[in-house]
There are 2 protein chains.
Amino acid sequence: MARTGQSTTRSPQRRPTLREVADQAGVSISTASLVYSGKQGVSPATAERVREAAEALGYAGPDPLASSLRHGRSGVVGVHLEGTLGYAFQDPYAVSVLDGLGQALDELGMGMLLVPEAPGEASHAARLVAGQALDALVFALCGPTTSALVDQVAARGIPMLGTGAPADDRVVQLRIDDRGATAALVDHLLELGHRDVAMLAMPLDPGARTGPVTVADIEAATYPDARDRALAFVDRMGPDRPMVQSASLSIDGAAEAAALLLDVSPRPTAVVAQSDLLAAGVIRAAAHRGLSVPQDLSVVGFDGVELPWFEGRLTTVEQDGRGKGRHLGDMVRRLLDGEDVPDQVHPTHLRLGTTTYPR
Amino acid sequence: MARTGQSTTRSPQRRPTLREVADQAGVSISTASLVYSGKQGVSPATAERVREAAEALGYAGPDPLASSLRHGRSGVVGVHLEGTLGYAFQDPYAVSVLDGLGQALDELGMGMLLVPEAPGEASHAARLVAGQALDALVFALCGPTTSALVDQVAARGIPMLGTGAPADDRVVQLRIDDRGATAALVDHLLELGHRDVAMLAMPLDPGARTGPVTVADIEAATYPDARDRALAFVDRMGPDRPMVQSASLSIDGAAEAAALLLDVSPRPTAVVAQSDLLAAGVIRAAAHRGLSVPQDLSVVGFDGVELPWFEGRLTTVEQDGRGKGRHLGDMVRRLLDGEDVPDQVHPTHLRLGTTTYPR
DNA sequence: TTGTACGCGTTATCAA
DNA sequence: TTGATAACGCGTACAA
């Protein structure tokens, strides 16, 4: 058991309180409070006295904890992430969303508390959410369709935002049109004359293994974004095209998975990768095999992130992660203002690059 | 002015409190509290009654805000980042440190609140720190030597940790041996026979512009890690070698800066880049010019991160970012336990790769 | 313009 | 084993 209170006999560890400042200044505690909340109605003279007293005592302003308790607001927004930080932030798209969200919250004077949920460590996230005073929880990166956190957080009356998941009435969604966007990508390849098109999917389920997937697998998928993109592919190309999922959302994983698509005969002339990171892996795998993109193989991605080491420009769906993050931030604000915020769709658009070529 | 309190006439917006649960269960409020704090001394029967009452009322457990106020601890550690999230997380090394720190804090049941300080927006970070209840503040990525936040946070009695910066007695440091590690890199190149060695430095100061730097610039640098690595270079190679700083810690920026080193005659036979990301830029710039690494140009980096798209292995200083993050987490714990934590040095080691070659 | 008094929701101490 | 009471530090009607 931790020794209670017994703060080691060090110098004035205890911080002064507003009451002491008020005493020192010879005013009442409420007057002192007014000086800090900046409301009207304190004479400049007394305000000055209070500030001097604060300075003398080393008072740094009202205790945020007490202030928050009083206001019923903590100023903190929880940001749920699927996987460890190292895994989640590996994807530049994820980073851009967080960047935009962080920027928006910054302007609101709110902070971002990270709630990573590493595989198998769900209890950590649950404990964190139970012990932290959150004003809202944002599922920033499309995770599984269901989450045990939803019930828990809803019980606390904390508003939730998602980007497609978890699917629950209590979670307000900011989606994108995964199916429409994917259809546009596939149509672009069809127009270029490609018929032998393959798909490299993001993981469909937690713990997914690299390997072929069937339409049944897709329909039963846990991740709605991966599912919808795959369904749109099937819708356009039929159920018999080569379809593989990568075990991880990473360049290395994708390069490995790409082998299952490229080392067969006949080799597809185009690959639809469900994310730019996966597309990068496909491109690397192609280069490894002496295939040039786009002459020998067309590749499309999804997200529209910067791949600074890649010469050329990926044909992809531009998702505007930063804008999406800011959009989420705006929804948080409105939710906290008591508005009734409906589900929304963030716009995307097809961006033609240098990785697709007529067949 | 926001309409005060006037919560829109919606259903039971208010969450039940412990007092209501106690009333409902027919016990005192303190007994009900004991059920949740899990201490000894509540009969199974009454505990059950309390739980039933809680269930019936939809009570989700003690309010973290009130609990924190009582305990004087928020369970939140602030993590200061230089620049926007998008900028900071672009560097895989930064991500790995945060990953390790997050992991360590997770095990402590604590959360990470991001405190990004975008250039020119220092007031946002200040406001955030003033309004949030932090148990500690970690300057996770070596920023400028001085920070206005230090005084402010110190005044609140919040312990601070840094990784070399800000330089202040009140900030406990976990450093690395930048000078020794850089010296080892340079010595490795010297042993390989290189004499014409150039350096590509990280930004030496906020707002740095890409261009040559002098020893005087280096000595006056704001970022201690960039400074120390540069000083070690000068110490080994003398003051007359080509030295350039990149305006940003990014592959693109580095590739641009590398032009100043590669497009001169005689061209250096080796480049010491102050970070792996910069080294990646140098390698790309070299490839652009038809130079092969390491035959035509040796390149060394610093950090030891994964560059998944890079075939081959960088010769670099392995910094073990995850381990360093966990080390920081451990220091946080000890600080919060009231221990007197001294400055520490995290070990690094030279890792030989495929980007250096005898001359 | 300033002061009084109460409550925000808990938890720790002590007495019963 | 349980209950009364007093903080934790602050904001805000209301009265003066």
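We name chains A, B, ... by the order of the sequence lines, and we start the count at 1 in each one.
Remark: the A/S30 side chain and the C/dG3 base include a donor-acceptor N/O pair separated by less than 3.5 Å. Not a single donor-acceptor pair, N or O on each side, falls under 3.5 Å between the base of D/dG11 and the side chain of A/S37.
Salt-bridge annotation for B/R127 and A/D106: absent, with no side-chain N of the basic residue lying under 4.0 Å from a carboxylate O of the acidic one. Using a cutoff of 4.0 Å between basic side-chain nitrogens and carboxylate oxygens, B/R333 and B/D330 are scored as salt-bridged.
Phosphate proximity of C/dG9 to B/Y59: absent, as no side-chain N or O sits under 4.0 Å from OP1 or OP2. Distances shorter than 4.0 Å separate none of the side-chain N or O atoms of A/T31 from OP1 or OP2 on C/dT2. The side chain of B/S28 places no N or O atom within less than 4.0 Å of a non-bridging phosphate oxygen (OP1 or OP2) of D/dT2. OP1 or OP2 of D/dT2 sits under 4.0 Å from a side-chain N or O of B/T46. Here A/S43 reaches the OP1 or OP2 of C/dT2: one of its side-chain N or O atoms lies under 4.0 Å away.
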* Check the pair A/Y36 / A/L18 against side-chain contact (heavy atoms from CB on, under 4.5 Å), numbers first and verdict last. => CA-CA 10 Å; A/Y36 285 98; A/L18 193 54; 4.1 Å; yes

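Base engagement by B/I29 is indicated by at least one non-hydrogen atom pair under 4.0 Å involving a base atom. Among the protein residues, A/T17 comes within range of the sugar-phosphate backbone only, with heavy atoms under 4.0 Å from sugar or phosphate atoms but none that close to a base.
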